[in-house]
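Structure, as structure tokens:
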Amino acid sequence: MDLFEIIEKPQNFPYCPGCGHTLVNMALAKAIVSLNIPKENILIVSDIGCVGLVDKLFNVHTVHTLHGRSTAIGTGIKMADEILFNNNLKTIVMIGDGGATIGLLHLVEAAKMNVDITVLIHNNFLYGMTGGQHSGLTPQNFITSTTRKGNPFPALNIIEILKNAGASFYARTFVQDRELSDIIKEAIVHKGFSVIEIFELCTGYAARYNKLKGSDLKNILEKHGGKIKEKKERLSFGESYEESIKGEEGGYELKVIEKEFEIPFNKSQKIIIAGSAGEGVQFASSLLALSALICGLNSSQKNDNPVTVGSGFSISEIIISKEKIRYSGIENPDYLIITSMDGYKRVKGKIMKAKNVIIDETLSDESKFLRVPARKYKGERGGPTVFSLGVLFEKYKIFPPEVFLKTVEKYGKSKEKTIKIFEEGRKFALKG
Amino acid sequence: MKTFITGGELIAKGAIDAGVKFYAGYPITPASVIYEPMMRELPKYGGIAVGASDEISAISYCIGASLRGIKAMTATSAPGFSLMIESVAYALMSEIPIAIVIAQRLGPSTGAATTSAQGDLLLTVFSNSGGYPIPVLSPSNIEESYEFMIHTVNVSEKLRTPAVLLTEKEVTMTRKGINLNEIKKPEIIERKKFEGQGEFKTYNFKEISDVPEFSPVGGKFLTRYTGSAHDKKGILKKDDPEVIEVLYHLKEKIYKNMEDFYFYEYEEKGKDVLLVSYGITSESVREISDLKNIDYLILKTLYPLNGKFLKDVFERYRKIVVIEENISGSLFFLLRHLLGDKGVSFTKIGFLISPSEIAKFLEEL
Ligand code: SF4
């Protein structure tokens, strides 16, 4: 393969004379040619900035992305390529200072997951395209258009960060390094995440502001950790992923709820169950909704809780109907079941609108309400709700108890305990 | 035969049946109920489901997978979608199909995660820099969430665009017994691929509204994708009439190819008041319409609007009440130019709008 089959002649590059990007591009093109990879199997993902002008210089697949997102988009491409295709696509991400800092999390994640991409960080110590402003990679005391007296802060050591994130190939060097093309070659061949930080000069700004020559780069490199190149053996993203899903098969089947009972049922029933989060209110309530379904009826369960699942109120609104259910909220409940103070506070406004109220005996002295010892069962997950359902079934005959028992048998968790508490509730209702 | 299921799970199932093979997500209530089944089920279909470290990573991974030629999607809520917006515009400009579910919750900002709302319609419709359109669809109940997830993937693949399924917490998280035969499955649409006829250009079109034939990165034909102004070949350019033509094409491609995707439900009873709504509020509208014999129109395609059809319908009424669960009437705002002075807005936040509240509003009208 001829070098200029895959890359434009350097005299046509859009960079300022002496810009390090020219050298990196040539080193990359040489690496590709020497590896003899077909053009169709090479992808360059570019970022924003002068470095992002690279697309049209290369005769390979190119994706020009957003600022900082090139690594993440390259990651998505390679994830799909490694697992769903034949894993032939060599994905090279070209970023500058901004791509590295805006996209820092993407770099860390790609390194962590060992996604098989090669990232070339063109570190020229500032933002060139926008006028030489300082960046996260600007060395301390370095002069830029926004740090005229020198940058007060040290540069991020990006390779150190990515090494700690798990990068399986990382290197740092400078653009005149004669080995640069070989290092790039090694990175491309490496299976897993590889990153090379390349120190270079922005002749447009950095060289002028800091009176630097190309030969000063080596010095700057020495002061910032020196040249390194390390490799580690690790499973690639695709290998780890495939390992993690081994044996996953079958399809996404919707669970069919069989009709088990034929019972007369006319008027729709609206039940609100209000308790405390973390006490299994919503799961236990689903047993009521399922009871309706196994009788061939319709039901809906609209849940509400504050942000965490372990504190505050937990509410289920259940509608049971022969007809299709539309609006799933409940304004005037037929039954309002309150099993805790959290629940009480949340539904207070509806107590007067409820036809029947079943409430834990510690929460109210009101004789109009059916007061029950529901909280006695709070030690069991769903206990207070299941106890109250026992009362509801026995006292108000909403369904025959066999319906609930069957529901628990088919869809319950810790079935024996659930049935025991339900029966306690029934017994209580019978006595009262 | 019935199943007892949330809209979130039906959306996940719809996505898988639509051929989605890549999901990247970041948890957020009330969209986590889509993320979880996708992580659980997609590997069974040979697909990839990954957790990302934020919403920007999630959508970027999806864009990457779609560029490789895979149907990809993510799901979030407004706080996450706000982070994704730059990337949505990127997918629009680069003509990359991607399906995004937004499960609305009470805003603004992080608002209330577990409270249903319909406040993000305008954020979604006008989310793109430059003012370019993206299709926005919305199921009007839990039963339809499966079908509309498929429509959303279909429209995004067919038009090579990001497309949004806009829904609400009470669809994704409410569990309902549903007859399996109520769940409708639309035909699955595949992205049109370039097969080697003539010269390949990443953004080739003859008519301005044509959807360019797709070729994946890593495929036989060298591709040039870009989010910057470009010509049909994908070469970054500025001073070229073709660049402007490509930009007009991004608009025309959507407006001219929506015919198969204008979804609505119109109940005509010959009265002079029309109720208009979308999403979960539609259920209350249906209920009150049944009870009081009132006409209604439920929009299931929220953008672009089928202006001619809407004008035709609106002409038949004396009053048109737009009902939605937000604070300033987003759908009303979107329809205002078609409503003229017949339009009335009824909004509320904090709880679902109930049929009786609609009835009361109509009495006081
Ligand atoms: S401004 Fe700096 S980085 Fe940009 S092309 Fe010129 S020298 Fe290179």
Side-chain angles (χ1 to χ4, degrees), chain A residues 39-41 43 53 55-56 59-66 69 72-81 83-85 88-89 105-106 108-109 241 245 248-252 254-259 286 289-290 292-293 297-307 325-329 331, chain B residues 1-5 12-13 16 21-22 24 29 37 41 43-46 48 50 52-54 56-57 60-65 67-70 86-87 90 113-114 141 170 173-177 180 217-220 222-228 235-236 283-284 286-287 351-352 354-356:
Chain A
K39 294 192 277 261
E40 299 75 40
N41 292 349
L43 163 66
L53 301 172
D55 308 45
K56 59 180 169 187
N59 190 26
V60 299
H61 285 287
T62 62
V63 178
H64 179 57
T65 69
L66 294 165
R69 310 304 162 209
I73 290 178
T75 292
I77 293 170
K78 193 59 205 175
M79 282 171 165
D81 184 65
I83 295 176
L84 303 175
F85 296 90
N88 276 342
L89 188 62
L105 185 57
H106 306 316
V108 167
E109 286 289 311
Y241 184 80
I245 59 163
E248 294 278 352
E249 52 189 42
Y252 188 175
L254 299 184
K255 210 195 262 171
V256 172
I257 313 292
E258 304 283 355
K259 182 173 174 184
S286 74
L290 282 160
L293 293 176
L297 299 163
N298 294 309
S299 66
S300 65
Q301 180 182 4
K302 170 166 133 46
N303 296 321
D304 193 12
N305 53 270
V307 181
I325 297 165
R326 299 207 177 278
Y327 170 64
S328 60
E331 292 179 304
Chain B
M1 288 213 296
K2 282 207 177 80
T3 187
F4 188 49
I5 198 164
K13 175 134 179 73
I16 289 173
K21 282 277 180 334
F22 189 94
T29 307
E41 301 294 336
K44 298 180 187 168
Y45 290 80
I48 306 172
V50 290
S53 49
D54 64 7
I56 301 176
S57 306
S60 301
Y61 294 170
C62 290
I63 287 172
L67 278 164
R68 189 67 191 85
I70 300 299
E86 185 192 27
S87 307
Y90 176 77
T114 52
N141 55 28
E170 297 305 356
M173 293 181 71
T174 296
R175 206 170 274 281
K176 195 169 177 185
L180 291 178
V217 293
K220 262 207 302 229
L222 291 186
T223 55
R224 284 198 193 283
Y225 286 95
T226 176
S228 295
I235 304 280
L236 194 145
E283 291 286 51
S284 298
R286 289 186 183 107
E287 209 169 298
F351 294 93
L352 287 176
S354 72
S356 62

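So you know, we letter chains A, B, ... as the sequences are listed, proteins then strands, and number each from 1. No hydrogens, no waters, no symmetry mates; every other heavy atom, side chains included, goes into these values.
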Whatever's closer than 4.5 Å to a heavy atom in chain A on B:A12 counts as both
Most contact-rich option vs chain A, by heavy-atom pairs under 4.5 angstrom, among B:G218, B:G177, B:P43, is B:G218
The interface call for B:S354 against chain A, heavy-atom contacts under 4.5 Å, is both
Looking only at B:I235, B:T223, B:L180, the option with the highest number of non-hydrogen pairs under 4.5 Å against chain A is B:T223
To the nearest 0.5 Å, atom NE2 of A:H64 lies from atom OH of B:Y90 at 7.5 Å
So, the part of A:L66 with a heavy atom under 4.5 Å from chain B: the answer is both
Here the gap from B:K2 atom NZ to A:N298 atom CG, rounded to the nearest 0.5 Å, amounts to 4.5 Å
So, the part of A:L254 with a heavy atom under 4.5 Å from chain B: the answer is both
Most heavy-atom pairs under 4.5 Å with chain B, out of A:L290, A:D81, A:N59, A:L297, belong to A:D81
Whatever's closer than 4.5 Å to a heavy atom in chain A on B:E170 counts as side chain
Turns out that what part of A:L89 lies under 4.5 Å from chain B's heavy atoms comes down to side chain
Turns out that what part of B:L67 lies under 4.5 Å from chain A's heavy atoms comes down to side chain
Comparing A:N303, A:V60, A:N88 against chain B, the one with the most heavy-atom pairs below 4.5 Å turns out to be A:V60
Smallest heavy-atom separation, A:Y252 atom then B:Y45 atom, equals N-OH, 2.6 Å
Applying salt bridge (Lys or Arg N to Asp or Glu O under 4.0 Å) to A:D304 and not counting sequence neighbours gives A:R346
Per-residue tally against chain A (heavy atom, under 4.5 Å) across B:P355, B:A113, B:A52, B:S87 peaks at B:P355
Between the CG atom in A:L84 and the CZ atom in B:F22, the distance rounded to the nearest 0.5 Å is 8.5 Å
The reported gap from CD1 in B:I63 to CD1 in A:I73 (rounded to nearest 0.5 angstrom) is 5.0 Å
In this structure, NZ of A:K56 is separated from OG1 of B:T226 (nearest 0.5 Å) by 10.0 Å
Honestly, the part of B:I48 sitting under 4.5 Å from a heavy atom of chain A is both
Chain A shares the most heavy-atom pairs under 4.5 Å, among B:S284, B:G227, B:A24, with B:S284
| Side chain A:Y327, main chain B:S356, donor-acceptor under 3.5 Å | no
Pair count under 4.5 Å, heavy atoms only, with chain B: among A:K39, A:E248, A:K255, A:Q301, highest is A:Q301
With chain B, the option among A:L105, A:N41, A:L53 that has the most non-hydrogen atom pairs under 4.5 Å is A:L105
Tightest non-hydrogen contact, residues B:S53 and A:E109, listed as OG-CG, 3.2 Å
Answer key: most heavy-atom pairs under 4.5 Å with chain B among A:I325, A:V108, A:L43 is A:I325
Heavy-atom nearest pair, A:I77 first then B:G64, reads CG1-O, 3.2 Å
Greatest number of non-hydrogen atom pairs under 4.5 angstrom with chain A, of B:R68, B:M1, B:K44, falls to B:R68
Whatever's closer than 4.5 Å to a heavy atom in chain A on B:I5 counts as side chain
Okay, A:K259 and chain B: the region with an atom under 4.5 Å from a heavy atom over there is neither
So, the part of A:E331 with a heavy atom under 4.5 Å from chain B: the answer is side chain
The interface call for B:K13 against chain A, heavy-atom contacts under 4.5 Å, is both
Heaviest contributor of heavy-atom pairs below 4.5 Å to chain A, chosen from B:E86, B:M173, B:K21, is B:E86
In short, A:R326 meets B:R286 closest at the heavy-atom pair NH1-CD, 3.3 Å
Of all heavy-atom pairs linking A:D55 and B:R224, the shortest is O-NH1, 2.8 Å
Looking only at heavy atoms, the pair that brings A:G329 and B:L352 closest together is N-CD1, 4.1 Å
Honestly, the part of A:Y241 sitting under 4.5 Å from a heavy atom of chain B is side chain
Please say whether more than 12 non-hydrogen atoms of neighbouring residues, nucleotides or ligands are located less than 6.0 Å from NZ in B:K220.
-> no
CZ of B:R175 to OG of A:S300, rounded to nearest 0.5 Å, is 12.0 Å
Across all chains, not counting sequence neighbours, the side chain to side chain donor-acceptor pair (under 3.5 Å) partners of A:H106 are A:R69, B:S57
If one checks every heavy atom of B:E41 against chain A at 4.5 Å, the contacting part turns out to be side chain
